[in-house]
2 protein chains.
Amino acid sequence: MKRKMTIQEIARLAGVSKATVSRVLNNKGGVSPETRRKVEEVIRLYSYTPNLVARGLSLKRTSSIGLIVAHTAERLSSHLFFIEFLRGISAVLDERGFRLVLATAESEDRYETSCRSMAEGGVVDGAVVLGVRRNDKRLRYFLRAGIPVVTVGRPIGFPRVDYVDVDNRGGARMATEYLLRLGHGEVLLINGPADHTASLAREKGYRAAFKAMKREVDTDLIVYGDFSFESGYETVRRFLAKGKTPSAVFAASDLAAMGAITAFKEVGIRVGSEVSVIGFDDIPYAHFFDPPLTTVRQPIYEMGKEAGRILLLRLEGGTGPERLHKVFPTQLVVRESTI
Amino acid sequence: MKRKMTIQEIARLAGVSKATVSRVLNNKGGVSPETRRKVEEVIRLYSYTPNLVARGLSLKRTSSIGLIVAHTAERLSSHLFFIEFLRGISAVLDERGFRLVLATAESEDRYETSCRSMAEGGVVDGAVVLGVRRNDKRLRYFLRAGIPVVTVGRPIGFPRVDYVDVDNRGGARMATEYLLRLGHGEVLLINGPADHTASLAREKGYRAAFKAMKREVDTDLIVYGDFSFESGYETVRRFLAKGKTPSAVFAASDLAAMGAITAFKEVGIRVGSEVSVIGFDDIPYAHFFDPPLTTVRQPIYEMGKEAGRILLLRLEGGTGPERLHKVFPTQLVVRESTI
DNA sequence: CTCCTTGCTGTAACCGGTTTCAGGAAAAGT
DNA sequence: ACTTTTCCTGAAACCGGTTACAGCAAGGAG
């Protein structure tokens, strides 16, 4: 294992100065073809790679961007969201030679300091914040440090921050209307947390569907959970225990929908014939669940790509001050859990 | 958004030199309590955070480690593995203030250069290589650059590289024996790719179980797939089409097991009473699949933690030259897909 | 032949930290 | 009172790149 070469040594070996080697490395002009060839030869010979940390210090950019995932990203739904999103964003970032740096943590305060040092330590040129919250502290760090940020989900309270989002309201409305049109009298909404942006938007969509069909919303049928399998399962169990059997369920996540279906199955109620259940997300398992799940699909991969694109635009182009954002449409994927 | 402070400015404002501020920042001795207080005051006042890139250049370490995921990490099983592993490793790395830098890429050669620049560019202090292959090029880059690496899965051809692994052979043997003891005459093995280390080990375990029970292996019942849902599904379909109905299936991944079960269900064969199916992994969905899947659990989260620990040991302690490794036991989780 | 470009190259400063080393002041020893 | 030790501090070198600027040589114009 030979010691790591520096630009100085390459310069000496090629009989030129550091400056010239640097020019060759970065394909700058002002180097004679002959010198260039000679330097390239030496670089190849010693298979030299420049030190990116030193370059980063000098250029004040590191070609890496931070991926900030909610510290509560323990839930499976977030997992699958995360992985899809990751695939999307890295697809566009890799193309431009950007690296991804993760900020995750077990405890809340460690997470904070980790974000802060990432924001202010100059380790990343930009950041993507997942699971953004109202008045998000992490977001604040990046903004204060003057680092471009794209959030996933519309960042409430930050009117100038770029974001990508999905049409939660429209998707929820579409799903609910579909159920109402199917002739279901009541639709149980198993929502996410009440303070979650996406939950709120989905509830709005649910209400909008009722309004459009000139029907009254029964607030007893709106329940808040946490997107988890368990929250779907428990909610339905509770309803059944009270002797109420909703004829249709719209769950704000596929996982919760699966939980609901499992609860129905346990008491012998057949989903897809006796009751209808719709989920949200279209996670990869949805299509081979039993019964295959009707759900509202989010284009997560595409959202990842778009987040990457917006960030690159901010970093490379001198785009104006106007907010960049893109809201993706959802799509109702009808399978066999609805009738 | 005020401009980023430097150590120099803090020094000036506190009326001391850069050196003293540095000493205060790093809690070094040799600073009078009074001076320390004064400097800390200024630091707090301007909420100064040191530039980590500059520090990295000076110290020749960056407190970040690379996470190298196989560029073919498109399969869902890898996804879930990855996410669990990520949770584990970041749990231990965060504790020590280490960041994770991802190497992913769409195309093979871009992936190569990305790994190479990460290895030789001095951006990471250590690396974890997932999905290591025989004679792995990526691995070679890190070794050449003298950067500590831990692989996930025993790295064939690299006798001195640290690794974490799971007892694939033992787990497969346990599952197969369980099926044989249940009285199944033949066990269809739906394996992963034939050149995959884990597949080979699982096949060995399968064969060992037959040997231990003094039974002959029918090689027609060993099929290679790619761990995917589809490969399980198609394999069973093919068998059924030929008029053969295996009474037991051992799939080398939960996904393939689910595919197999789906194929059985389609023709009305009841899994868990007429046939038995065992998977491998124990992915989070396994327990609420229908029927809940009997499977061989891998402690992926723990493997992530251990990989992190080994890496830290190499980075912080002056551990000797002997290879560090840990092979985790598997566990048979019996649910309702077997009888 | 002189002057002006033009093209190529090297010197030196800079990015923002860490650390060695030397020196000054205060405290301790004799 | 003088030396020695201890404690604290700052100057300067260093990490490994990039780049502004100056200088030199060759070629073209007048």
Side-chain angles (χ1 to χ4, degrees), chain A residues 2-40 42-43 46 48-64 97 117 119-125 145-146, chain B residues 2-40 42-43 46 48-64 97 117 119-125 145-146:
Chain A
K2 6 174 187 167
R3 210 175 53 50
K4 189 77 180 71
M5 281 277 173
T6 71
I7 200 175
Q8 184 61 270
E9 300 174 276
I10 295 296
R12 195 172 45 72
L13 288 163
V16 298
S17 73
K18 297 201 310 181
T20 301
V21 178
S22 176
R23 281 187 272 258
V24 172
L25 279 174
N26 299 296
N27 283 314
K28 297 237 167 124
V31 180
S32 75
E34 194 191 356
T35 310
R36 181 176 295 273
R37 209 192 38 66
K38 188 174 56 181
V39 173
E40 276 166 350
V42 176
I43 288 175
Y46 292 85
Y48 161 75
T49 335
N51 181 315
L52 297 177
V53 178
R55 173 177 286 173
L57 176 58
S58 187
L59 293 177
K60 288 167 179 301
R61 45 190 173 76
T62 56
S63 283
S64 51
S117 74
E120 298 171 2
V123 255
V124 297
D125 300 345
Chain B
K2 10 176 180 151
R3 207 174 57 49
K4 189 80 180 69
M5 281 277 171
T6 71
I7 199 175
Q8 184 61 269
E9 301 173 275
I10 295 296
R12 195 173 43 72
L13 288 163
V16 297
S17 73
K18 297 202 305 180
T20 300
V21 178
S22 176
R23 281 188 272 257
V24 171
L25 280 174
N26 299 295
N27 282 314
K28 296 238 168 123
V31 180
S32 74
E34 194 191 357
T35 311
R36 181 177 296 273
R37 210 193 37 67
K38 188 173 56 182
V39 173
E40 275 166 350
V42 176
I43 288 176
Y46 291 85
Y48 161 76
T49 335
N51 182 315
L52 298 177
V53 178
R55 173 177 287 175
L57 177 58
S58 186
L59 292 178
K60 289 170 179 299
R61 46 190 173 78
T62 56
S63 284
S64 51
S117 73
E120 297 171 4
V123 255
V124 296
D125 301 343

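What you see is a predicted model; the values in this text were computed from it and never measured. A note on names: the letters A, B, ... follow the listed sequences, proteins ahead of strands, and every chain is numbered from 1.
- When rounded to the nearest whole Å, the span between CD of Glu34(B) and C1' of dC8(D) equals 11 Å.
- Of the residues in residues 5-17 of chain B, those with a non-hydrogen atom less than 4.0 angstrom from any atom of DNA chain D are Gly15(B), Val16(B), Ser17(B).
- Comparing atom distances between the Leu59(A) side chain and each of dG10(D), dT19(D), dG17(C) picks out dT19(D) as nearest.
- Taking the side chain of Asn26(A) as heavy atoms from C-beta on, and the options dT18(D), dG16(C), dG10(D), the nearest nucleotide is dT18(D).
- For Thr35(A), counting side-chain heavy atoms from C-beta on, the closest listed nucleotide (dC8(D), dC8(C), dG17(D)) is dC8(C).
- In this model, the phosphate group of dG16(D) is not approached by any side-chain N or O of Tyr48(A) to a distance below 4.0 Å at OP1 or OP2.
- The distance between atom CG of Asn51(B) and atom C1' of dG17(C), rounded to the nearest whole Å, is 7 Å.
- Taking only side-chain atoms of Val31(A), from C-beta outward, the nucleotide of dG16(C), dG17(D), dT9(C) with the closest atom is dT9(C).
- Ile10(B) has its side chain within reach of Ile43(B): a pair of non-hydrogen atoms, C-beta onward, lies under 4.5 Å apart.
- Note that the OG atom of Ser22(B) and the CD1 atom of Ile7(B) stand 5.0 Å from one another [nearest 0.5 Å].
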Is there a side-chain contact (heavy atoms from CB on, under 4.5 Å) between Asn27(A) and Arg36(A) once you walk through the steps?
-> CA-CA 9 Å; Asn27(A) 283 314; Arg36(A) 181 176 295 273; 3.8 Å; yes
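- For Arg23(A), the listed nucleotide lying nearest its side chain is dG10(C); candidates were dG10(D), dG10(C), dG17(C).
- In this structure, the NZ atom of Lys18(A) is 12 Å from the P atom of dA13(C), given to the nearest Å.
- The 5' end of DNA chain D is approached more closely, in terms of each residue's nearest nucleotide, by Arg36(B) than by the other of Lys60(B) and Arg36(B).
- For the pair Lys28(A) and dT18(D), the criterion of a side-chain N or O lying under 4.0 Å from OP1 or OP2 is not met.
- Between the CG atom of Asn27(B) and the P atom of dT18(C) there is a distance of 12 Å, rounded to whole Å.
- For dT18(D), one of the phosphate oxygens OP1 or OP2 lies less than 4.0 angstrom from a side-chain nitrogen or oxygen of Ser22(A).
- OP1 or OP2 of dG10(C) sits under 4.0 Å from a side-chain N or O of Thr20(A).
- The NZ-C1' distance, from Lys4(B) to dG16(C), rounds to 10 Å in whole Å.
- Atom pair Arg61(A):CZ and dG17(D):C1' shows a separation of 13 Å (rounding to whole Å applied).
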Criterion side-chain contact (heavy atoms from CB on, under 4.5 Å) on Val123(A) and Thr62(A), from CA distance to verdict | CA-CA 6 Å; Val123(A) 255; Thr62(A) 56; 5.7 Å; no
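- Where Ser32(B) and Leu25(A) each meet DNA chain D at their nearest nucleotide, the meeting point lying more 5' is that of Ser32(B).
- Between Leu57(A) atom CG and dC14(D) atom C1' the separation is 12 Å, expressed in whole Å.
- A donor-acceptor pair under 3.5 Å is formed between the side chain of Lys4(B) and the backbone N or O of Thr49(B).
- A 4.5 Å side-chain heavy-atom check between Val16(B) and Val21(B) finds at least one atom pair inside the cut-off.
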side-chain contact (heavy atoms from CB on, under 4.5 Å) evaluation trace for Tyr48(B) with Val42(B) = CA-CA 8 Å; Tyr48(B) 161 76; Val42(B) 176; over 6 Å; no
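- Taking the side chain as every heavy atom from C-beta outward, Asn26(B) and Arg55(B) approach each other to under 4.5 Å.
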